[in-house]
Amino acid sequence: MQKYRLTILALLFISLSLLLSGCAEEAQTVQSAITIPEDEVDPKVWGQKFPNHYDSYLKNSERTKGYSKYRSDSEDRLSPWPFQFILADGWGMGVEYNEPNGHTDMLKDQLKVDARRKGSGGVCLTCKTPYAPKLKEEMGEDYFKKPYNEVHARIPKKDQELGVACIDCHDPSTMNLRISRWTLKEGLKAIGKDPDKLTRQEMRTLACAQCHVTYSISKNKEGKSIGVKFPWANGKWGNITIEGIIKQIQDENLREWKHRITGQKLGHVRHPEFELFSAPGSVHWAANVACADCHMPYERVGSQKISSHRWESPFKNEALYAVSQPDRGLAETTGDKYPGPCKS
Ligand code: HEC
Ligand code: HEC
Ligand code: HEC
């Protein structure tokens with residue numbers, strides 16, 4: 001009798017664990033069975049398959065302070081340094097220039113900014129909407145040239161405030177990283193790098209270099225925009241210099257604006273994060289480190305390990321910060337005030 005009881009208990013146990021593990025497998029299958037359509041723009045749809053990544057991505061809309069001097073709160077960046085109104089007189093950057101609010105808000109922020117910042121036309125949407133490649137394809141030169149609002153109105157209604165989206169960096173069928181912007185593909189060709197032969201680690205930087213670079217807007221005789229390019233012609237992979245960029249701006253007359261006070265026509269070097277990061281002398285580039293290594297650290301969500309999709313100053317990542325500076329208290333944030341010359 002005792003023997004039978006044990007066997008029955010064992011059988012019960014086995015069938016119960018089969019049932020439980022069966023359930024777990026089921027959930028797994030259901031999750032991965034979702035296919036994301038090839039041209040799906042809506043991150044919510046991608047989020048059905050990757051809910052943890054979607055949650056992390058949504059955090060880009062939260063305002064943060066943390067330990068960094070870089071804020072994410074659209075604070076005015078001209079008034080603390082009033083000389084900028086004079087240096088950029090005649091140019092949108094001298095009208096309004098604010099701290100960003102994070103990737104998910106980039107298009108909303110652009111819609112709110114003073115209209116004179118968007119005088120260049122539809123071209124300004126190139127790094128702000130996942131529809132940019134499609135609009136350029138459909139409209140040709142008009143995409144660059146036509147007024148900002150007119151080109152913006154061609155984005156489907158429901159996505160007219162949508163900022164960076166999964167499709168900007170991922171192929172939905174394989175989830176491999178991919179380059180969605182023609183600008184970077186052309187830029188890579190200019191420095192002798194084949195955009196179709198890139199390693200995974202290179203892609204972990206180049207996904208960001210689609211937008212975190214300097215660029216020049218080519219203009220026709222009437223001053224209308226007719227294209228956008230990365231001025232990298234004098235550079236090489238791992239050696240794009242600011243001197244080379246300035247030389248190209250001069251050689252090709254990529255002078256986009258006229259300084260009102262001096263009457264001087266000038267070019268504009270924007271935010272060359274990729275260029276400076278990959279320039280000679282960059283310790284981290286030499287060590288094969290990528291943007292994502294610092295800006296998308298792995299984090300645990302339940303039993304899963306994911307790359308963080310909250311793009312911000314790594315100093316704001318509390319888990320990382322606790323490891324690097326365990327003694328520093330939360331009260332000592334530097335995020336409250338700019339350390340600028342006009343700090344009161
Ligand atoms: C499609 C263009 C695009 C891509 C791709 C992109 N960024 Fe950005 N990034 C932006 C824009 C635009 C802003 C400013 C956001 C705003 O205006 O609200 C920004 C802001 C940031 C900020 C500051 C955020 C804040 O809250 O202050 C960081 C950090 C950043 N990006 C890092 C990255 C990293 C790392 C990658 C690659 C994994 C990347 N970005 C890819 C366009 C892009
Ligand atoms: C070795 C680590 C490291 C690498 C690699 C790195 N960054 Fe950063 N980045 C930082 C740190 C740290 C800060 C913030 C400094 C602070 O908060 O004072 C920062 C700041 C930034 C900011 C400003 C953040 C803000 O809130 O305004 C942007 C944008 C940015 N990085 C983009 C990039 C891009 C694009 C790449 C690759 C081309 C890259 N970074 C590579 C560590 C790194
Ligand atoms: C600015 C570019 C960018 C955007 C936008 C982006 N990702 Fe990623 N994603 C990355 C990078 C970089 C990696 C790391 C890839 C690697 O290591 O090979 C990654 C990795 C992943 C992975 C692989 C697992 C992991 O965590 O490393 C998944 C799944 C993923 N992303 C889902 C999403 C989803 C869903 C969205 C939209 C809500 C999204 N991503 C938006 C750049 C991006």
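This is a predicted model, so every value here is computed, not measured. Order of listing sets the numbers, starting from 1, for every ligand and every atom in it.
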Subject >> Side-chain touch Y215/T183, heavy atoms, less than 4.5 angstrom >> reply: no
Subject >> Short N or O distance, S313 and ligand 2, threshold 3.5 Å exclusive >> reply: yes
Subject >> Close-contact set for ligand 2 against C294 heavy atoms, below 4.0 Å >> reply: 1 (C), 2 (C), 3 (C), 4 (C), 5 (C), 42 (C), 43 (C)
**OP:** State if A290 counts as touching ligand 2 under the rule of any non-hydrogen atom under 4.0 Å.
**Re:** yes
Let me check something: any side-chain donor-acceptor pairs from residues 220-230 under 3.5 Å, sequence neighbours excluded? List them with distances.
from : atom 1 : to   : atom 2 : distance (Å)
N220 : OD1    : E222 : N      : 3.0
N220 : OD1    : G223 : N      : 3.1
N220 : OD1    : K224 : N      : 2.8
N220 : ND2    : E222 : OE1    : 3.4
S225 : OG     : S120 : O      : 2.7
K229 : NZ     : E252 : OE1    : 2.7

Original post:
Among all protein non-hydrogen atoms, which one is nearest to atom 18 (O) of ligand 3, and what is the separation to 0.1 Å?
Top reply: R200 NE, 2.6 Å
Original post:
Given side chains that start at C-beta, do those of H152 and L111 come closer than 4.5 Å, heavy atoms only?
Top reply: yes
**OP:** Check each of V113, D73, D109, I179 against atom 17 (O) of ligand 1 and report the one with the nearest heavy atom.
**Re:** D109
Original post:
Quick one: are L177 and R200 in side-chain contact, heavy atoms under 4.5 Å?
Top reply: no
**OP:** Output, by chain and residue number, all protein N/O/S atoms separated from atom 8 (Fe) of ligand 3 by less than 2.8 Å.
**Re:** H170 NE2, H309 NE2
Subject >> Close N or O approach (N101, ligand 1; < 3.5 Å) >> reply: yes
Original post:
Taking the side chain as C-beta and beyond, is there a heavy-atom pair between Q210 and C127 under 4.5 Å?
Top reply: no
Subject >> Contacting atoms of ligand 1, where contact means under 4.0 angstrom from a heavy atom of C211 >> reply: 1 (C), 2 (C), 3 (C), 4 (C), 5 (C), 42 (C), 43 (C)
Original post:
Below 4.5 Å, heavy atoms only, C-beta onward: do T241 and N239 meet side chain to side chain?
Top reply: yes
Original post:
Would a 4.5 Å heavy-atom cut-off, applied to side chains only, mark P280 and K236 as touching?
Top reply: no
**OP:** Just jot down the ligand 2 atoms closer than 4.0 angstrom to any heavy atom of F274, in number order.
**Re:** 38 (C)
Subject >> Per-atom contacts of ligand 3 with I306, taking only distances under 4.0 Å to non-hydrogen atoms >> reply: 26 (O)
Subject >> Y298 six-ring centre to K305 NZ/CZ under 6.0 Å and within 45° of normal >> reply: yes
Subject >> Selected option - heavy-atom contact closest to atom 6 (C) of ligand 1, from R204, H103, K108 >> reply: H103
Subject >> Qualifying residues under side chain to side chain contact (heavy atoms under 4.5 Å, CB included), relative to N98, sequence neighbours excluded >> reply: D76, E96
Original post:
Between W182 and E137, do the side chains contain an N or O donor and an N or O acceptor separated by less than 3.5 Å?
Top reply: no
Subject >> Closest to atom 5 (C) of ligand 3 (judged by heavy-atom distance), picking from A165, A207, P51 >> reply: A165
Original post:
Considering only heavy atoms of E312, which atoms of ligand 1 have at least one such atom less than 4.0 Å away?
Top reply: 29 (C)
Original post:
What's the shortest heavy-atom distance between P100 and D109, and which atoms?
Top reply: C-OD2, 4.3 Å
**OP:** List every atom of ligand 1 that sits less than 4.0 Å from any heavy atom of C127, numbering the atoms from 1 in the order shown and giving each element.
**Re:** 1 (C), 2 (C)
**OP:** Pull out every atom of ligand 2 sitting under 4.0 Å from any heavy atom of P314, numbered as shown with elements.
**Re:** 9 (N), 10 (C), 11 (C), 12 (C), 13 (C), 14 (C), 19 (C), 42 (C)
Subject >> Any I240 side-chain heavy atom under 4.5 Å of V213 side chain >> reply: no
Subject >> Part of A209 with heavy atoms under 4.0 Å of ligand 2, whether side chain, backbone, both or neither >> reply: neither
Original post:
Is the closest side-chain heavy-atom distance between F144 and V151 below 4.5 Å?
Top reply: no
**OP:** Calculate, to the nearest 0.5 Å, the distance between atoms CD1 and CD belonging to I245 and E275 respectively.
**Re:** 5.0 Å
**OP:** May I ask you to list the atoms of ligand 2 that are less than 4.0 angstrom from any heavy atom of V289?
**Re:** 5 (C)
Original post:
Below 4.0 angstrom, N of the basic side chain to O of the carboxylate: do K146 and E150 qualify?
Top reply: yes
Original post:
Can you find a non-hydrogen atom of H284 under 4.0 Å from ligand 2?
Top reply: yes
Original post:
So which of H212, H295, R181, R310 gets nearest to atom 35 (C) of ligand 1, if we judge by its closest heavy atom?
Top reply: H295
Side-chain atoms of residues 156-170: list all donor-acceptor pairs with protein atoms under 3.5 Å, sequence neighbours left out, distances to 0.1 Å.
from : atom 1 : to   : atom 2 : distance (Å)
D159 : OD2    : Y131 : OH     : 2.5
Q160 : NE2    : A153 : O      : 3.4
Q160 : NE2    : I155 : O      : 2.8
D168 : OD1    : R181 : NH1    : 2.9
D168 : OD2    : A165 : N      : 3.0
H170 : ND1    : M175 : O      : 3.0

Original post:
Under a 4.0 Å heavy-atom limit, does C208 contact ligand 3 with its side chain, its backbone, both, or neither?
Top reply: neither
Subject >> Numbered atoms and elements of ligand 2 in range of F277, under 4.0 angstrom, heavy atoms >> reply: 5 (C), 37 (C), 38 (C)
